[in-house]
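Input: a single structure, listed below in structure tokens.
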Amino acid sequence: MVLFQLKQKLNYGEIFSGVTLRVKLIGGGQYEGLYNEVIPWWEENTGGKIEIVTQKNHFELDKEIKKDIASGNLDFCVASNHTSFASQYGNIYTDLNNIMPASVLADYTPLILEHSTVDGRLVQMPRHSDVSNLYYQKSLYEDADNKANFKAKYGYDLTPPETWDQVKDQAIFFSNPPDFYGTQYVGKEEAIAGRFYELVIANGGALFDEDYRPIFNSPAGVEALQWFIDLYNAKAVPDGVLNYLWDDTGLGFASGTIAMNLDWAGWAGFFNDPENSKVAGDIGLVRAPMGSGGLRTGWSGSHSFSMTESCPDKEAAASFLWALTSNKAQMIEARGGLSPTRPAIWDAIIAEKKAEGDEFMLMVFETFKMSLAEDAFTPPLIPEWIEFTNALYPELQAAILGDKSPEDALATASKKATEIMEDAGYF
Amino acid sequence: MRKFLNGPWVLLMPTLIILTCVVLLPLLLSLWTSFTPFKLTKPDTLYRFVGFRNYERLIGDFDFWIAFGRTVLFLAIALNLELVFGLGIALLINKITYGQRTLRTLMMFPMMFSPILVGFQWKYIFNDNIGLMNNFLREFGVIQPIPWLVDGILANISIMAAEIWSSTSVFAILLLAGLLGIPKDPIEAAKVDGCNSWQVFKNITLPFLMPFVFIAMTIRSLDVARAYDIVQMMTGGGPAKRTELLWTLISRTGYVDAKMGMANAMSYISIFLSIAFTFFFFYKLVEARQRLSYE
């Protein structure tokens with residue numbers, strides 16, 4: 001009930017006077033604005049104090065928390081989390097079903113709360129969701145020469161792509177290496193494994209069967225991998241793409257040297273800011289295209305916050321979790337382009353952008369809202385996900401670089417994945 | 001008992017206790033974990049003994065042995081090139097009569113950078129799109145960008161360049177110390193007898209320097225694992241494991257996959273590599289000193 005107290009007594013202060021919460025947070029430009037506003041707000045209204053123990057990127061934070069679990073040194077109360085990572089951490093985080101009133105949980109999108117649940121325990125309060133859609137340079141599609149030449153070469157009109165095959169055609173068409181590339185992709189670690197995963201799904205395949213036996217070495221899997229290979233061989237993506245992660249692709253599109261870029265909503269404001277981006281004012285956005293199975297890609301997840309089971313001040317931690325994911329907090333992040341996890345904030349931000357006449361951000365929010373509602377799907381929410389992606393991605397890279405055939409690469413990855421799942425006791 | 005309390009053991013006891021706590025116990029614990037399926041996220045697995053299962057898997061793990069072989073090659077090439085460049089720098093600085101102190105300080109600059117920064121810096125230099133190297137080459141008509149960090153051979157050379165840049169000064173400092181300690185008489189006598197510069201270097205300077213060379217080699221062979229940060233920043237061991245070294249493989253297995261039992265088994269196998277390098281360099285050090293005393 002503390003949350004109701006917080007909401008009602010927010011202006012009365014001092015309900016957590018003398019309490020200091022130790023927290024471990026994801027750091028980085030797009031994440032820290034929230035802390036700068038919400039932490040002072042929470043401290044001022046409750047009398048509590050927040051001590052940030054750690055603030056680093058999510059992969060480093062993940063390593064740190066694993067070390068904390070091994071050493072039994074869980075001396076913090078709140079930590080950043082992610083739906084793709086949460087199942088790794090066992091039972092170190094509290095079941096929030098027992099702490100947060102149902103009326104509070106009702107403010108969040110039910111499907112996202114479901115994704116925030118591990119083994120029936122709600123271990124995360126969702127902060128914002130991510131799914132990717134396709135940004136493109138509008139002027140390329142408005143150019144009369146481009147339209148005529150493309151139609152002559154490929155036999156269909158040059159319009160923003162609806163399928164991943166069209167993305168491939170258009171990327172090859174637009175490319176003029178080394179000055180300009182049709183597209184790019186994140187090329188290593190979980191990033192490329194996730195991109196491969198969503199394309200397998202869009203092609204009508206799957207990574208695992210019901211018993212978690214790998215089944216991605218299939219026609220849908222080979223077709224997905226071949227898409228990456230074809231773009232690489234055609235030099236429609238930069239040569240160094242296999243070392244790219246999210247910052248590289250985002251900054252690449254903003255540099256004006258990339259025609260199309262599949263990316264999350266968090267970059268939208270940056271892309272359209274003339275101070276940071278050479279494509280500002282020239283950006284179109286469409287929902288992620290479809291694979292051969294008629295489904296759109298929609299690898300999705302949510303950043304979140306969790307409370308440790310060992311936290312000595314669970315009431316204060318619960319109120320801080322609420323504050324971090326409250327209407328106020330989500331509105332702050334939504335104004336930066338991030339996708340909220342509360343339906344009310346979607347309505348509010350769209351209304352705000354309409355009132356401001358900000359057509360670009362309106363398009364961004366409407367596209368991502370539809371995408372999250374209709375296309376989004378999570379990776380398998382199992383503790384082995386990251387380990388599995390570490391087994392998969394070097395094989396994808398080997399096929400892209402031509403060291404192996406797609407079939408050989410997927411066969412090797414499948415064998416390693418089988419070993420991981422066997423060790424984990426799935427079969 | 002009284003004899004024991006009055007004996008040297010009492011004086012040694014603080015050292016022994018500290019060494020046991022700081023070195024021996026962690027070593028024994030990590031050795032134990034290598035016989036377990038210990039996962040960081042499942043602390044209970046620390047108590048499940050699985051015998052040599054991790055080691056048996058590693059023996060048949062092709063990727064591990066490729067990374068092992070690549071690490072040996074990396075160590076051999078990087079250390080020898082660092083020695084050659086370090087020796088060259090030390091000889092040149094030793095010849096300078098004015099501004100030697102300033103140059104010595106400048107020479108140590110690369111050592112002052114953290115390996116993570118070095119990795120970032122060289123990743124930028126070798127970036128295929130916006131990197132300094134490709135832009136520099138473009139000025140000379142090389143239009144097609146070279147994928148420095150993607151091509152198997154070029155990526156390893158790029159990482160080695162960063163490592164050599166970062167650590168050559170260690171060799172240079174140690175060898176310069178050796179050069180400053182060489183007695184002048186034999187060199188002057190050789191010159192009086194008509195030896196040319198190469199003969200003086202080969203027959204007098206180098207034999208005097210060899211103990212320093214092997215000390216430097218031993219120190220660097222143990223210290224070179226700090227190149228992990230450089231590799232992690234530049235390529236992360238990829239793409240397609242083309243730059244995978246034991247350090248990146250062990251780190252990913254232990255901290256990302258959380259399979260610390262397996263990672264420690266890898267570490268214990270790789271310790272043999274360190275012991276082999278150390279043993280070899282100590283053997284050569286003793287040999288060089290003996291040769292020096294005979295002469």
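Just the heavy atoms: all of them, side chains too, but no hydrogens, waters or symmetry mates, feed the values below. Note on naming: letters A, B, ... go to the chains in the order of the sequence lines (proteins, then strands), and numbering restarts at 1 for each one.
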Between [X] and [Y], is there a donor-acceptor pair closer than 3.5 Å when you use the side chain of the first and the backbone of the second?
X: B/D257; Y: A/N390; value: no
X: A/K66; Y: B/V256; value: yes
X: B/D128; Y: A/G240; value: yes

Taking [X] first and then [Y], would you say they form a salt bridge - that is, a charged N and a carboxylate O separated by under 4.0 Å?
X: B/D61; Y: A/K416; answer: no
X: A/D179; Y: B/R138; answer: yes
X: B/R242; Y: A/D403; answer: yes
X: B/K39; Y: A/E387; answer: yes

**Message:** Looking at B/F120, I'd like to know if its CZ atom is crowded, meaning that more than 12 non-hydrogen atoms belonging to other residues, nucleotides or ligands lie closer than 6.0 Å.
**Reply:** no
**Message:** Are more than 12 heavy atoms, taken from residues, nucleotides or ligands other than B/R57, located less than 6.0 Å from that residue's CZ atom?
**Reply:**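 Enclosed: over 12 neighbouring heavy atoms sit under 6.0 Å from CZ of B/R57.
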**Prompt:** Which region of A/E64, side chain (C-beta onward) or backbone (N, CA, C, O), has a non-hydrogen atom less than 4.5 Å from a non-hydrogen atom of chain B, or is it both or neither?
**Reply:**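 No part of A/E64 comes within 4.5 Å of chain B.
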Toward chain A, the part of [X] with a non-hydrogen atom under 4.5 Å:
X: B/P43; result: side chain
X: B/F38; result: side chain
X: B/D151; result: neither

